[in-house]
Asker: 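Just dropping this structure here.
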2 protein chains.
Amino acid sequence: MENVRELFQVMTRRFGLLNKNCCSIDGVDISLVQSHILYEIDKREYPSMQQVAEVLGMDITTFSRQIQNLVKKGLVKKTPLPEDRRVYTLSLTNEGKFIATTIDREIRQYLEEVFSHMTEFEKETVIRSIKLLNECMGKSSVCCKPLF
Amino acid sequence: MENVRELFQVMTRRFGLLNKNCCSIDGVDISLVQSHILYEIDKREYPSMQQVAEVLGMDITTFSRQIQNLVKKGLVKKTPLPEDRRVYTLSLTNEGKFIATTIDREIRQYLEEVFSHMTEFEKETVIRSIKLLNECMGKSSVCCKPLF
DNA sequence: AATGATTATTTGCAAATCGCAAATAATATA
DNA sequence: TATATTATTTGCGATTTGCAAATAATCATT
């Protein structure tokens, strides 16, 4: 049987490097964590600080400061929630959306290229496998549950 | 069709969190990068600094300092290579091996638990899928090749 | 063998990141 | 109204990062 952990380690490290390399867009440089933050904000509808920080497994204080940086860069907007003014709601500015979209396109292109080395059947099998894996990871009681 | 990038993002983030949570063993705390370094040294036969740094996509100077920390902690040994004394050869001490092994066991246990939510057939399909994916990522010309 | 070019690793340094503890500000509860 | 709880921010010190430059060993050329 395969060394499963090794397979995971290589795969996730490769994907991590890809993300890292995709962080320089049009003269705007953002860090890897900032890229993840933009991604999560883009994906959700006006999430709160806590929500995003938790999904990313980041300490809320570190997250708070990263958001401050992204606001300074003009990529993220913070809006107080009217019905509970303790919470701030996050959204992307147009520039932030542009950056997030560009990163997304690059990563998808890479994945397409990777899949181009497979048959259509293999590709579908792989994608279904990852989906199943995510579902089962979500069911696991051991670790890292919040994420989705 | 599924949002493939999203699937990858969730999966790799979960696995990343798992690694992060596995870094405290028996009173010895190591950081996530340090855990990756131990893993790679353990996997190889007396690799050089450069080799490991490159595989991990780390700046060599950052890597050098991390190795110094691990040596101070008594987890890693640096030996100059007799035939070329510029290069240092890395290996784990007994304590380092113990830490690496313990981390490995924990991660494997988690993965086993995840797979326990699948049929044997699904499990094998998923593992074969990840293997295929790694092979195709290795073939890709776009990004992140060195890794393996 | 002497010189300069190349290679592996380390240090100086300044910036970025991190996370705990404490502060602030708003809401919920009694 | 007083108190507890919750979301976010700030103080602070420790750690991590990566570029440029230093060091140290080997290689290439003469």
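Computed from heavy atoms alone, side chains included, the values below leave out hydrogens, waters and symmetry copies. Chain A is the first sequence line, chain B the second, and so forth, proteins listed ahead of strands; every chain is numbered from 1.
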Asker: Please list, chain by chain and in numerical order, all residues satisfying salt bridge (charged side-chain N to carboxylate O under 4.0 Å, His left out) with Asp104(B), sequence neighbours excluded.
Answerer: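 In terms of salt bridge (charged side-chain N to carboxylate O under 4.0 Å, His left out), with neighbours along the sequence ignored, Asp104(B) is linked to Arg5(A), Arg108(B).
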Asker: Applying salt bridge (charged side-chain N to carboxylate O under 4.0 Å, His left out), can you list everything that pairs with Glu135(B), at least two apart in sequence or on another chain?
Answerer: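 If we apply the salt bridge (charged side-chain N to carboxylate O under 4.0 Å, His left out) test to Glu135(B), skipping adjacent residues, there are no hits.
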Asker: Mind checking ring pair (Phe, Tyr, Trp, His ring centres under 6.0 Å) for Phe8(B) and listing every partner two or more places apart, or none if nothing turns up?
Answerer: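 Per chain and number, Phe8(B) pairs via ring pair (Phe, Tyr, Trp, His ring centres under 6.0 Å) with Phe15(A).
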Asker: Could you give the CG-to-P distance, from Leu90(A) to dA7(D), as a whole number of Å?
Answerer: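 My rounded result for the distance is 14 Å.
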Asker: Just how far, in rounded Å, is P of dA16(C) from CG of Asp59(B)?
Answerer: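 After rounding, the gap between these two atoms is 16 Å.
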Asker: Please produce a list of atom pairs where a protein N or O lies less than 3.5 Å from an N or O of nucleotides 20-27 of chain D.
Answerer:
unit_1: dT26(D); atom_1: OP1; unit_2: Arg85(B); atom_2: N; d: 3.1

Asker: Using the side-chain heavy atoms of Ile60(B), tell me which of these nucleotides is nearest: dT9(D), dT9(C), dT17(D).
Answerer: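 For Ile60(B), the side-chain atoms sit closest to dT9(C).
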Asker: Looking at every non-hydrogen atom in both residues, tell me the closest pair between Arg14(A) and Gly138(B) and how far apart they are.
Answerer: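 Arg14(A) and Gly138(B) have their closest heavy atoms at NH2-CA, 3.7 Å.
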Asker: Check the distance between dA7(D)'s P and Phe63(A)'s CZ and give it to me in whole angstrom.
Answerer: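 These atoms are roughly 14 Å apart.
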Asker: Taking only the side-chain heavy atoms of Val87(A) (C-beta and beyond), determine which of dT11(C), dT9(C), dT8(D) contains the nearest atom.
Answerer: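 Between dT11(C), dT9(C), dT8(D), the one nearest the side chain of Val87(A) would be dT8(D).
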Asker: Tell me whether the side-chain N/O atoms of Ser64(A) come closer than 4.0 Å to OP1 or OP2 in dT9(D).
Answerer: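 Ser64(A) to dT9(D) OP1/OP2: side-chain N or O found under 4.0 Å.
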Asker: Do any of residues 24-32 of chain A sit with a heavy atom less than 4.0 Å from DNA chain C, and if so which?
Answerer: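 By residue number: Ser31(A).
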Asker: In the hydrophobic clustering that connects Ile, Leu, Val, Met, Phe, Trp and Tyr at side-chain heavy-atom distances below 4.5 Å, which members other than Leu81(A) occupy its cluster, ordered by chain and number?
Answerer: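 Besides Leu81(A), the hydrophobic cluster comprises Val87(A), listed by chain and residue number.
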Asker: Roughly how many Å is it from CE in Met49(A) to P in dA25(C), rounded to a whole number?
Answerer: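 Going from Met49(A) (CE) to dA25(C) (P), I get 16 Å.
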Asker: Of the options dT9(C), dT17(C), dT17(D), whose atoms approach the side-chain atoms of Val33(B) most closely?
Answerer: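 Between dT9(C), dT17(C), dT17(D), the one nearest the side chain of Val33(B) would be dT17(D).
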Asker: Identify every side-chain donor-acceptor pair in residues 66-75 of chain A under 3.5 Å, counting partners at least two apart or on other chains, and give the distances.
Answerer:
unit_1: Gln66(A); atom_1: OE1; unit_2: Gln34(A); atom_2: NE2; d: 3.0
unit_1: Gln68(A); atom_1: NE2; unit_2: Ser64(A); atom_2: OG; d: 3.4
unit_1: Lys73(A); atom_1: NZ; unit_2: Asp29(A); atom_2: O; d: 2.7

Asker: With salt bridge (Lys or Arg N to Asp or Glu O under 4.0 Å) as the rule and sequence neighbours excluded, what pairs involving residues 75-87 of chain A come up?
Answerer: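 Only Asp84(A)-Arg86(A) qualify under salt bridge (Lys or Arg N to Asp or Glu O under 4.0 Å).
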Asker: In the hydrophobic cluster built from side-chain contacts under 4.5 Å, what are the other members alongside Tyr46(B)?
Answerer: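 When side chains under 4.5 Å apart are linked, Tyr46(B) ends up in no cluster with other residues.
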Asker: In this structure, how many angstroms lie between the P atom of dT8(D) and the CD atom of Gln66(A), rounded?
Answerer: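 Result: 16 Å.
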Asker: Calculate the interatomic distance between Lys72(B) atom NZ and dT16(D) atom P; express it in whole Å.
Answerer: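 Going from Lys72(B) (NZ) to dT16(D) (P), I get 10 Å.
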Asker: Specify the closest pair of heavy atoms between Lys20(A) and Gly57(B), including all atoms of both residues, with the distance to one decimal.
Answerer: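 Looks like NZ-O, 3.3 Å.
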Asker: Find the distance Gln51(B):CD to dA8(C):C1' and express it as a whole number of Å.
Answerer: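 In whole Å, dA8(C) C1' lies 12 Å from Gln51(B) CD.
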Asker: Between C1' on dT17(C) and CD on Gln34(A), what's the gap in Å once rounded to a whole number?
Answerer: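 After rounding, the gap between these two atoms is 10 Å.
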